[in-house]
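Note sheet for the following structure.
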Amino acid sequence: MAFERNIGPKIVLSITIILMVTNYYLSPQLFQDIGKYIKEFVVVIAAVMLGLGFINALLRDIPRITKKEPGQWYFSLLTIIFIFVMLFLCAGNKYMPGTFSGMYSFLYQEVYRVLGNAIGAFAAFFVFTATFRAMRLKTLEAGAYTISHILAVLGNAPIGAVIWPGIPIIADWINEVVVSAGLRGFIITSSLGGVILVFRYVIGKSETVLGSA
Amino acid sequence: MEQRHIIYLLLAIMIAIPYIQPIGIPVETSKMTRDFYNKLKSLPEGSAVVLMVDVGLGSWVELGPATVAVVQHLLDLPIKLLVSGGSAELPVVWEYTLEQGNIKLGDNKYGEDYVVLGFITGGEPAAAALADNLHLTKEDQYGTPLEEIPMMKDLRTAADVKVVLSIMAGTQEEWYLRQWRAPYGTDVGIIVSAVTTALAMTYYVSGQIFGMVNSLRGGAEYELLISKPGKGVVGTDMLSLSHLLLVGLLIIGNIQLLYEKFSGTRKPEEKTGG
């Protein structure tokens, strides 16, 4: 007897969707309990995935080190070293906070935070020059976009109100009326698309989440 | 020196000036920040508020001042505060918030007035699971069983929580609207990065989100509302000067473009990075 490909996962997917939809809309305790257990199960699975990510990083980076992959192996080595350093300090912070919390906090606050902020700052410089090059009055649409951008930027900074008190009012109007109207259309249509997609999953017509096209 | 390098230099100078010598450009409080503040201020005594930390320290420059000001306000109010979130850096963010803000815990006692649950992985399903069961983690961040914590005895589901707040730089507000507000009626407020403010605006305008603290600017506004000016107020000077530079450059660039267009001296498009 020939079974359709992915029939098992498809059935699990359909049942899970039906259970979660009933959990959201129906009040009987049984549906509530089932939904609650499934959601807690997802949290457990997500925690397991963090461990899987750790193993995945080892599987990806250790071969790069052993093969001395040009231009990469030293980054991989640093990655592995810091994974284990943080793992060690994290466990130390949990079980012997008196000894390890200082080093753990130092690495997070004085190394990781600073590097994270630096990456954000690099992006800001890039976006700044990209905006300068992109916002040009080449067409009517580009002109409207550029003028809206200038008003929104000045509206977001206190200097806007100093230049002219009307700027924050116009910026608020752009945000609350123009942006909201456009986004509402987008949110509602994408949500309806989501409902249709879920329906296709339930009846087995779509299986992209199972890794199929 | 290329054009972009000159712009980088100008931007660095504009940011450095107010850092060395604050200018003190007046900050006007926006309606969305005031709504956020008024909602928290009007909470009845003993109300439970959940603060979800959904960002890491990488966003601290933008969201730090607002986080510090809102946490200080929450601890000054006669409410019960539960701290959790989807950021793995939550424990460090919480400690850093208290340390950087030099936040006085005052009469607040751990376990009676505030509890830190810790990080919960899993995105929106985790937010939903927490709404269904506030005892999901079984223990707090420091390993104390939740059943032994006095504050947690009356807190079982999101129905026992008046307000959920998210510190975020993505679209997490939708998680709390779908999983906390819709089924349990918990009010949602957000402390949000500037880019995400535009996305969340539609929910604020419709009244689904009661208030928003918009990035660095919102942080400065909130500092002034609680009468504790700090890094947010200094930061808005940098925001003002850098934004002013951008607008100035846009105007100059477009004047140049229009001049070249009408004088027929425009060169072909250049393709450049960064």
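So that the names make sense, note that chain A is the first sequence line, chain B the second, and so on, each numbered from 1. Bear in mind the structure is a predicted one, so any value in this text is a computation, not a measurement.
The shortest side-chain heavy-atom distance between B/Q3 and A/F132 falls under the 4.5 Å cut-off. For the pair A/R184 and B/S206, the minimum side-chain heavy-atom distance is below 4.5 Å. Contact check for B/L245 versus A/F128: side-chain heavy atoms found under the 4.5 Å cut-off. A 4.5 Å side-chain heavy-atom check between B/L249 and A/T131 finds every atom pair outside the cut-off. By the 4.5 Å heavy-atom criterion applied to side chains, A/Y104 and B/V92 are counted as neighbours. Looking at A/K138 and B/L257, their side chains come closer than 4.5 Å, going by heavy atoms from C-beta outward. With contacts defined as side-chain heavy-atom distances shorter than 4.5 Å, the pair B/T197/A/N175 does not qualify.
Here the CG atom belonging to B/N133 is positioned 10.5 Å from the NZ atom belonging to A/K39, to the nearest 0.5 angstrom. Interatomic distance, B/Y204 OH to A/S180 OG, rounded to the nearest 0.5 Å: 10.5 Å. Note that CG of A/N156 is 5.0 Å distant from CG of B/N214, once rounded to the nearest 0.5 Å. A/L183 contributes atom CG, which lies 10.5 Å from atom CE of B/M201 (distance to the nearest 0.5 angstrom). Distance CZ/A/R136 to CG/B/L250: 8.0 Å, rounded to 0.5 Å. Rounded to the nearest 0.5 Å, atoms CD (B/E95) and CD (A/Q109) are 8.0 Å apart.
Between chain A and the options B/V93, B/V27, B/I7, the largest number of non-hydrogen pairs under 4.5 Å is found for B/I7. Between chain A and the options B/A12, B/G58, B/A194, heavy-atom pairs under 4.5 Å are most frequent for B/G58. Top candidate by heavy-atom pairs under 4.5 Å with chain A, chosen from B/G123, B/A129, B/A131, is B/A129. In terms of heavy-atom pairs under 4.5 angstrom with chain A, the leader among B/E174, B/E124, B/R178 is B/R178. Of the listed residues B/S30, B/A198, B/A182, the one with more heavy-atom pairs under 4.5 angstrom with chain A than any other is B/A198. Taking chain B as the reference chain and counting heavy-atom pairs below 4.5 Å, the highest number among A/V114, A/I150, A/V179, A/L137 is found for A/L137. Of the residues considered (A/P158, A/A157, A/G116), A/P158 shows the highest number of contacts with chain B, using heavy-atom pairs under 4.5 Å. When each of B/V247, B/L216, B/I15, B/I120 is checked for heavy-atom pairs under 4.5 Å with chain A, B/V247 comes out on top.
Both the backbone and the side chain of B/L199 have a heavy atom closer than 4.5 Å to some heavy atom of chain A. Heavy atoms of B/Y203 lying under 4.5 Å from chain A belong exclusively to its side chain. In this structure, the portion of A/V162 lying under 4.5 Å from any heavy atom of chain B is its side chain and not its backbone. Proximity to chain B involves both the backbone and the side chain of A/A47, based on heavy atoms less than 4.5 angstrom apart. Only the backbone of B/Q141 comes within less than 4.5 Å of a heavy atom in chain A; its side chain stays farther off. In this structure, chain A has no heavy atom under 4.5 Å from any part of B/D237. For a residue to count as touching a neighbouring chain, one of its non-hydrogen atoms must lie under 4.5 Å from one of that chain's; by this rule B/K31 does not touch chain A. For chain B, no part of A/I119 is nearby; none of its heavy atoms comes within less than 4.5 Å. For B/L246, the parts lying near chain A are the backbone and the side chain together; criterion is any non-hydrogen pair under 4.5 Å. Heavy-atom distances place the side chain of A/L50, and not its backbone, under 4.5 Å from chain B.
Around the CZ atom of A/F41, the shell of radius 6.0 Å holds no more than 12 heavy atoms that belong to other residues, nucleotides or ligands. Residue B/Y19 qualifies as open at atom OH: its count of foreign heavy atoms under 6.0 Å is 12 or below. Remark: B/E99 CD is packed, more than 12 non-hydrogen atoms of other residues, nucleotides or ligands lying under 6.0 Å away. Counting non-hydrogen atoms of other residues, nucleotides and ligands closer than 6.0 Å to OH of B/Y142 gives a total above 12.
Nearest heavy-atom pair across B/A88 and A/Y108 is O-OH, 4.4 Å. Closest heavy-atom contact between A/F126 and B/Y8: CA-OH, 4.3 Å. Contact detail for A/N117 and B/S59: the closest heavy-atom pair is OD1-N, 4.3 Å. The two residues A/M135 and B/N254 make their nearest non-hydrogen contact at O-ND2, 3.1 Å. The shortest non-hydrogen separation linking A/Y24 to B/P183 is OH-CD, 4.2 Å.
A/Y112 contributes no side-chain N or O that, together with a main-chain N or O of B/L57, makes up a donor-acceptor pair within less than 3.5 Å.
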* Determine, stepwise, if the pair A/I163 / B/L244 fulfils side chain to side chain contact (heavy atoms under 4.5 Å, CB included). => CA-CA 10 Å; A/I163 294 169; B/L244 195 62; 3.6 Å; yes

